[in-house]
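Scroll down for the structure; my scribbles are underneath it.
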Amino acid sequence: MAVSVLCALATLSTLQAGPPAKHAATLPARLDSLVRAYVARGEFSGVVLVAARGAIVYQHAFGEANREWHVPNTIATRFRIASTTKQFTAALVLRLVESGKLRLDGHIVDYLPDYPRPQGEQITLEHLLTHSSGLPDYPGLPRFYEDHATRAHTTRELLALFDTLPLAFPPGSKWEYSNSGYVVLGAIIERVTDTTYAAALRQHLLIPLGLNDTGYDDPAEITERRASGYIRTADGVRNAPFIDPSTVFSAGMLRSSAHDLLRWAELLRAGRVFRDTADAAAMVAPHLPTGLPLGAYGYGVFIGTQSLGGRPTTVIQHGGTIYGFTSGFWRMPSEDCVVIVLDNHMSHQVPALTAGLADVLYSTPRAGSSPGDVPRGPPAH
């Protein structure tokens with residue numbers, strides 16, 4: 001299956017584990033050594049943050065946020081996070097469910113009455129959240145990048161790229177990654193809040209939770225500490241092609257910083273994102289198996305069991321790739337561990353680096369120990 005630049009279906013086959021740990025005190029050095037190996041090969045330029053049990057055990061910035069002006073990346077740099085956006089869109093949907101504006105069993109036409117039939121009558125919000133709608137993935141349509149990616153679209157025009165196409169399968173019958181489903185969710189959010197997706201996200205999620213570095217990444221806005229995006233080619237590093245934010249929309253157009261993503265992880269762990277604990281549980285419940293090494297899919301996140309440090313560990317994750325940027329975001333709730341990797345280049349290596357950092361973190365320092373035994377760094381939040 002061709003993978004679009006909006007999709008984060010990376011496998012773990014290239015996971016590179018560090019050597020067995022001998023002393024807990026060597027953990028930051030081992031994490032640093034792994035990252036610098038990627039940097040030395042020209043495979044990473046960005047920010048890494050690793051936290052365990054409420055403490056940051058490693059954070060470092062590499063490379064440049066702007067190569068023309070030689071502005072370095074810092075731990076506070078804001079990166080476009082691509083499909084990591086989907087968990088924020090899913091959380092906003094759940095917040096609107098809690099406020100009575102939406103229902104998970106509601107159909108598209110309940111909120112978008114002009115949406116084409118029969119598709120709009122068959123697909124529920126649950127189907128959209130879990131990539132089980134059958135909607136074809138619009139970035140995979142012929143000539144999407146040539147004809148549409150650089151052009152501004154209204155929400156209605158974006159929907160029109162795919163809303164009359166035949167469904168790939170009956171809704172709810174299987175899993176297939178579809179950015180289209182999250183675009184429809186964005187359109188529904190706009191309709192029931194009577195504002196833009198970006199404004200609804202700020203009002204109902206980001207501002208209440210204090211996520212000040214996170215937001216819709218409109219390149220027309222003046223944004224402090226925002227990284228420029230690049231691609232690596234056979235001729236060297238180049239500026240990334242332009243993609244209009246309206247063509248990515250609620251499927252993958254947010255920016256954030258490593259510290260804001262860590263705060264997001266802590267808020268989710270502490271149950272402070274939703275009023276109802278059932279909603280928090282539903283977001284990370286394995287609703288559908290994906291057939292991928294990433295495991296099953298919840299609402300905007302993959303949930304799977306990975307071997308970390310030689311032991312099976314539940315991992316909640318979603319990365320993303322878009323022109324100029326790649327993100328990796330893993331949460332291991334049983335040990336309250338978080339690994340965040342943000343690169344301002346399109347990179348096939350970020351999934352392997354993220355997995356490798358998690359494996360180093362979980363490599364057993366001594367018999368019977370856990371990531372909680374690492375030396376305490378600064379508090380996460």
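Small disclaimer: the values here were computed from a predicted structure and weren't measured.
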Can you find a heavy atom in the side chain of Arg80 that is under 4.5 Å from one in the side chain of Leu342? no
So does Asp336 pair up with Arg331, basic N to acidic O under 4.0 Å? no
Inter- and intrachain pairs under side-chain hydrogen bond (donor to acceptor under 3.5 Å, both in side chains), touching residues 104-113, at least two apart: Arg103-Asp105
List in chain and number order the residues that pass side-chain contact (heavy atoms from CB on, under 4.5 Å) with Ala358, two or more places apart in sequence or in another chain; answer none if no residue qualifies. Leu308, Trp330, Met332, Val339
Would you call the rings of Phe302 and Tyr177 parallel, tilted or perpendicular, taking 30° and 60° as the class edges? parallel
Please report, to 0.1 Å, the donor-acceptor pairs under 3.5 Å made by any side chain of residues 155-172, with sequence neighbours excluded.
unit_1	atom_1	unit_2	atom_2	d
Thr155	OG1	Glu190	OE1	2.9
Arg156	NH2	Asp163	OD2	2.0
Glu157	OE1	Thr154	N	2.9

If you take all heavy atoms of Gly186 and Ser250, which pair is closest and at what distance? CA-OG, 3.2 Å
Report the residues that fulfil side chain to side chain donor-acceptor pair (under 3.5 Å) with Glu146, sequence neighbours left out, ordered by chain and then residue number. none
Out of curiosity, Phe329 CZ to Ile316 CD1, how far, rounded to the nearest 0.5 Å? 9.5 Å
Using side chain to side chain donor-acceptor pair (under 3.5 Å) as the criterion, point out the one residue from Asp217, Asn66, Asp213 that pairs with Arg226. Asp217
For the residue pair Phe144 and Tyr138, does the interplanar ring angle fall in the parallel (under 30°), tilted (30 to 60°) or perpendicular (over 60°) class? perpendicular
Show your reasoning for whether side chain to side chain contact (heavy atoms under 4.5 Å, CB included) applies to Leu262 and Leu49. CA-CA 8 Å; Leu262 179 58; Leu49 188 152; 3.8 Å; yes
Contacts under 3.5 angstrom, residues 191-198 side chains, donor-acceptor by atom type, not counting sequence neighbours:
unit_1	atom_1	unit_2	atom_2	d
Thr193	OG1	Ile189	O	2.6
Thr196	OG1	Ala199	N	3.0
Tyr197	OH	Thr89	OG1	2.7

Kindly assign one of parallel, tilted or perpendicular to the pair His131 and Tyr182, based on the angle between their ring planes and the thresholds 30° and 60°. tilted
For the residue pair His345 and Tyr230, does the interplanar ring angle fall in the parallel (under 30°), tilted (30 to 60°) or perpendicular (over 60°) class? tilted
With sequence neighbours left out, what residues match Pro312 under side-chain contact (heavy atoms from CB on, under 4.5 Å)? Thr305
Do you see a donor-acceptor pair shorter than 3.5 Å between the side chains of Ser347 and Thr326? no
Within the 6.0 Å centroid threshold, strictly below: Phe249 and His153: no
